[in-house]
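Please read the structure below before turning to the comments.
Both backbone and side-chain heavy atoms feed into the values below; hydrogens, waters and symmetry mates do not. All of these numbers come straight from a predicted model, not from anything done at the bench.
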Amino acid sequence: MKKVMFLAVLALAGCEKSAVPVSPLDAAARRTCMDTIEARATNPKSVSYTSDDAAVSKNAKGELVVPVKFSAKNEMGMASSMVANCVVSADGKTLVDIAVKEGR
């Protein structure tokens, strides 16, 4: 019985999406972007991120470009899906620019 349970757990673990390992720099850039989203949200406690994290890339200046999908409630309490494209400094600690648009 223990062997069957172990195999089931192993099989379920293998079903997870195998994403590219996230570097500490990418994680820092993503956290910088997410902190900015929450700080600027009308209703910060309503911000919810999707688990579909797109890859962090670099622009021509060496800055990190971080796309983040999330939903948040507006001032009327209606939730909207959005996508933020953050440009973060090369060290991942300072927001350079953020553009937010409605997601689909």
Side-chain angles (χ1 to χ4, degrees):
M1 181 67 175
K2 287 182 181 180
K3 186 175 183 180
V4 172
M5 287 179 57
F6 174 76
L7 292 175
V9 170
L10 194 60
L12 287 174
C15 292
E16 288 186 33
K17 178 170 70 170
S18 59
V20 177
V22 177
S23 75
L25 184 59
D26 290 358
R30 188 169 302 284
R31 184 76 255 161
T32 298
C33 185
M34 292 166 70
D35 288 346
T36 302
I37 291 167
E38 292 166 16
R40 294 185 181 185
T42 302
N43 192 345
K45 293 187 184 233
S46 72
V47 176
S48 175
Y49 301 100
T50 64
S51 60
D52 181 27
D53 290 331
V56 175
S57 60
K58 287 188 179 182
N59 65 14
K61 295 180 183 178
E63 299 163 327
L64 302 169
V65 179
V66 185
V68 176
K69 293 181 181 179
F70 68 99
S71 66
K73 292 182 181 178
N74 61 17
E75 58 277 348
M76 295 185 299
M78 296 178 61
S80 295
S81 295
M82 296 183 238
V83 177
N85 283 310
C86 297
V87 178
V88 181
S89 61
D91 65 0
K93 297 179 182 177
T94 306
L95 182 75
V96 175
D97 188 35
I98 185 171
V100 180
K101 64 180 182 178
E102 195 168 334
R104 292 192 166 77

> Do R30 and V68 come within less than 4.5 Å of each other through their side chains, counting heavy atoms only?
Replying inline: yes
> Is there any salt bridge (charged side-chain N to carboxylate O under 4.0 Å, His left out) pair reaching into residues 31-51, and which pairs are they, with sequence neighbours excluded?
Replying inline: R31-D35, R31-E38
>> For a side chain to side chain contact (heavy atoms under 4.5 Å, CB included) check, start with the C-alpha distance between V83 and V100, then their side-chain angles and the critical distance, and finish with the verdict.
In response: CA-CA 6 Å; V83 177; V100 180; over 6 Å; no
> A28: what forms a side chain to side chain contact (heavy atoms under 4.5 Å, CB included) with it, not counting sequence neighbours?
Replying inline: none
>> Within this structure, what is the NZ-OG distance for the pair K69 and S81, rounded to the nearest 0.5 Å?
In response: 9.5 Å
>> Working to the nearest 0.5 angstrom, can you tell me the gap between L25 CG and K58 NZ?
In response: 6.5 Å
> How is the hydrophobic cluster of M78 composed, in terms of its other members, when Ile, Leu, Val, Met, Phe, Trp and Tyr link through side-chain heavy atoms under 4.5 Å apart, directly or indirectly?
Replying inline: M76
> Are V47 and L95 connected in a single hydrophobic cluster, I mean Ile/Leu/Val/Met/Phe/Trp/Tyr linked by side-chain heavy atoms less than 4.5 Å apart?
Replying inline: yes
> Who passes side chain to side chain contact (heavy atoms under 4.5 Å, CB included) against S46, sequence neighbours left out?
Replying inline: N43, A72, K73
>> Between Y49 (side chain only) and S71 (backbone N and O only), is there a donor and an acceptor less than 3.5 Å apart?
In response: no
>> Enumerate the salt bridge (charged side-chain N to carboxylate O under 4.0 Å, His left out) contacts for residues 77-98, please, sequence neighbours excluded, ordered by first and then second residue.
In response: none
> Can you list every pair that meets disulfide bond (SG atoms under 2.5 Å apart) and has a residue in residues 65-101, with sequence neighbours left out?
Replying inline: C33-C86
> Do the side chains of V87 and N59 get nearer than 4.5 Å, heavy atoms only?
Replying inline: yes
> How far apart are the closest heavy atoms of A90 and G62, and which atoms are they?
Replying inline: CB-O, 3.5 Å
> Atom CZ in F70, atom CD1 in I37: separation rounded to 0.5 Å?
Replying inline: 4.5 Å
>> Give me the atom names and distance for the closest heavy-atom approach of N74 to T42.
In response: C-CG2, 4.2 Å
>> Using every non-hydrogen atom in the two residues, find where A29 and L64 come nearest and quote the distance to one decimal.
In response: CB-CD1, 3.6 Å
>> For G92, is there any backbone N or O sitting under 3.5 Å from a side-chain donor or acceptor partner on T32?
In response: yes
